[in-house]
There are 2 protein chains.
Amino acid sequence: MPEPIYRAIADDLRRQIETGELRPGQQLRTEIELRDHYEASRNTIRDAIKLLITRGLVETRPGQGTFVVETIVPFVTTLSGDPQTASGAEGDTTYTDEVIARLRVPRHTPPEVGIHQAGSPVPATGELRLPEGTPIVSRHQQRYIDDIPWSLQTSFYPMSLIEGGATRLLRAGDIPEGTVAYLREKVGLKQAGYRDTIIVRAPDNVETAFFKLPEDGRISIIETRRTAFDEQGTPIRLTVSVYPADRNQFAVNFGEVPAEVADPPSAAASKQDAGSDASADAEQELST
Amino acid sequence: MPEPIYRAIADDLRRQIETGELRPGQQLRTEIELRDHYEASRNTIRDAIKLLITRGLVETRPGQGTFVVETIVPFVTTLSGDPQTASGAEGDTTYTDEVIARLRVPRHTPPEVGIHQAGSPVPATGELRLPEGTPIVSRHQQRYIDDIPWSLQTSFYPMSLIEGGATRLLRAGDIPEGTVAYLREKVGLKQAGYRDTIIVRAPDNVETAFFKLPEDGRISIIETRRTAFDEQGTPIRLTVSVYPADRNQFAVNFGEVPAEVADPPSAAASKQDAGSDASADAEQELST
DNA sequence: GCAAATTTGTTCGTATGTATT
DNA sequence: CAATACATACGAACAAATTTG
């Protein structure tokens with residue numbers, strides 16, 4: 001048997017989808033009809049459909065049927081733009097402004113504050129380069145767009161920042177001007193640069209529940225880790241954000257990029273200047 | 001039945017893996033033994049294992065057994081660093097140097113050249129903003145590290161660049177100094193900036209075969225699209241690269257980032273200066 | 001609002017094929 | 001070659017979700 005039957009059936013259905021014979025949103029024939037059509041057992045048909053589900057081509061709805069997926073309009077997170085602006089030297093637009101400009105309604109929970117000790121269970125220990133046992137403050141938020149769960153975000157700060165006067169970090173609740181501006185004004189701490197790492201991995205149980213992902217784990221999670229540094233190169237913050245891969249994409253701008261490209265094409269309304277200051281928004285977004 | 005049996009079994013096995021009761025590389029009990037242990041049918045055990053496979057926790061080897069996955073050492077692609085350098089104004093280190101410095105052995109096929117007409121089947125049409133029917137040159141490469149398939153990359157250029165004198169773009173084969181430098185010297189075209197977009201999606205058949213991915217499509221593909229612009233804001237190149245998500249991650253540096261962080265921690269050898277010029281390598285890498 | 005029909009989801013049993021040791 | 005272990009395929013029954021009459 002060179003090619004398993006279930007895979008041959010999946011290939012045939014995939015071809016129909018890719019050629020447009022089956023259009024997005026359209027219902028496939030039922031498992032029983034497909035069983036008769038392909039002269040295979042229902043279980044074999046179901047194996048073929050499972051393969052198409054994993055590849056993101058179809059979805060099943062119990063009691064209804066199997067449907068060709070309709071593409072979600074992705075939300076674009078700009079990780080950067082003009083690095084000077086993104087470094088937190090200026091920039092007064094906020095993440096919320098950015099999202100509104102794209103005709104979407106953002107919302108986020110007030111940060112929950114936690115206190116940890118540097119060590120293996122705290123995911124920030126390596127990045128913040130703190131010795132074992134050093135206190136670390138975490139600020140955690142859930143973020144929504146159009147009431148759809150969009151991202152989970154946790155920032156970690158060395159407790160020494162609070163001892164230096166940035167006491168609001170310890171209080172649960174928003175810091176409207178953003179923590180980058182707050183730390184600059186309160187402690188004189190200037191964010192000189194940052195490094196983002198981007199990985200793709202399977203969701204854990206918390207993420208599956210929050211994002212309402214299918215239980216079979218076929219949707220990946222994109223995790224960004226932003227380590228921010230002051231002018232001495234000391235890490236001052238780690239922000240870990242997770243996004244479901246099915247409704248998010250990321251963008252990075254460098255040098256001179258035309259405004260109409262740097263500013264996503266979704267909603268061209270508002271924002272006269274645009275240009276490369278979208279970075280400030282993303283920075284705002286990434287500093288809980 | 002609140003929770004299906006196969007999911008309860010998967011949860012139990014996942015717990016054992018996460019608590020270290022089952023260590024990476026360790027073999028699970030066979031399906032028959034698990035069937036007896038959980039008092040379920042072998043098919044139900046297999047459903048549970050399928051779920052763990054999708055979540056990337058275990059892998060099966062026919063004739064051998066089921067094993068807890070061992071983490072792959074990921075290859076880190078730096079999308080940026082110092083934007084001035086990355087813009088192609090200077091930088092003489094190459095992608096190959098970068099990889100060698102990390103004690104890995106890179107290899108890539110000579111570019112295959114193709115000629116297309118702007119229009120819906122050519123994926124560069126939108127980004128290059130060319131009218132329907134305009135000729136486009138593509139250069140496609142397969143790239144390996146340590147003989148493992150690492151990425152597929154295709155760059156698209158407007159044919160007008162060749163007519164302006166950059167004839168080597170049409171010849172299959174390497175352009176050792178990189179196309180950014182070549183275009184600057186030959187046509188006086190300066191790359192003033194670029195925009196990267198990053199999306200995660202399911203693999204297609206070509207990618208599944210090249211990367212030797214499991215046929216069930218559980219490993220996602222990370223696709224980066226880099227649109228480069230000249231000083232007038234005209235798009236001059238689109239480079240599309242695809243990477244399997246199970247062995248790749250990405251990094252972006254902004255502003256001042258300490259050298260020991262900006263330079264990946266894998267192989268600390270060689271490279272005295274390091275700093276933020278790793279960007280030039282990535283840029284080189286991304287210009288076929 | 002309820003019952004029936006439809007459709008997918010879960011679980012079992014069984015048989016045979018393929019890969020590895 | 002034999003034994004072991006996973007892969008494919010079939011058939012059957014009942015459960016759960018949804019729509020329809």
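The figures here come from the full heavy-atom set of this structure, side chains too, leaving out hydrogens, waters and symmetry mates. This is a predicted model, so every value here is computed, not measured. Convention: sequence-line order gives letters A, B, ...; per-chain numbering from 1.
Within residues 44-59 of chain B, the residues having any heavy atom closer than 4.0 Å to DNA chain D are, in order of number, R46(B). Using a 4.0 Å cut-off on heavy atoms, the residues of residues 30-40 of chain A that approach DNA chain D are A40(A), listed by number.
Contact check, R61(A) against dG9(C): no side-chain N or O comes under 4.0 Å of OP1 or OP2. The side chain of T66(A) contributes no N or O atom lying less than 4.0 Å from OP1 or OP2 of dT7(C).
E223(A) meets the side chain to side chain donor-acceptor pair (under 3.5 Å) test with R201(A), R225(A); sequence neighbours excluded. N248(A) meets the side chain to side chain donor-acceptor pair (under 3.5 Å) test with W150(A); sequence neighbours excluded. Remark: S41(A) pairs with T44(A) by the side chain to side chain donor-acceptor pair (under 3.5 Å) rule, at least two apart or across chains. Listed by chain and residue number, nothing satisfies the side chain to side chain donor-acceptor pair (under 3.5 Å) test with Q26(B) (two or more places apart in sequence, or in another chain).
At least one donor-acceptor pair under 3.5 Å links the side chain of R139(B) to the backbone N or O of G173(B).
Listed by first and then second residue, the salt bridge (charged side-chain N to carboxylate O under 4.0 Å, His left out) pairs that reach into residues 34-45 of chain A are E31(A)-R42(A), sequence neighbours excluded. Sorted by first and then second residue, the pairs that involve residues 48-57 of chain A and meet salt bridge (charged side-chain N to carboxylate O under 4.0 Å, His left out), not counting sequence neighbours, are D47(A)-K50(A). For the ring pair (Phe, Tyr, Trp, His ring centres under 6.0 Å) condition, the pairs that include at least one residue of residues 202-225 of chain B, sequence neighbours left out, are Y144(B)-F210(B).
Residue-to-nucleotide contacts include a donor-acceptor pair under 3.5 Å from the side chain of R42(B) to the base of dA7(D).
Each of P62(A) and S41(A) was matched to the nucleotide of DNA chain D holding its nearest heavy atom; the match closer to the 5' end belongs to S41(A).
Side-chain atoms of Q64(A) lie closest to dT19(D) of the nucleotides dT19(D), dT8(D), dC10(D).
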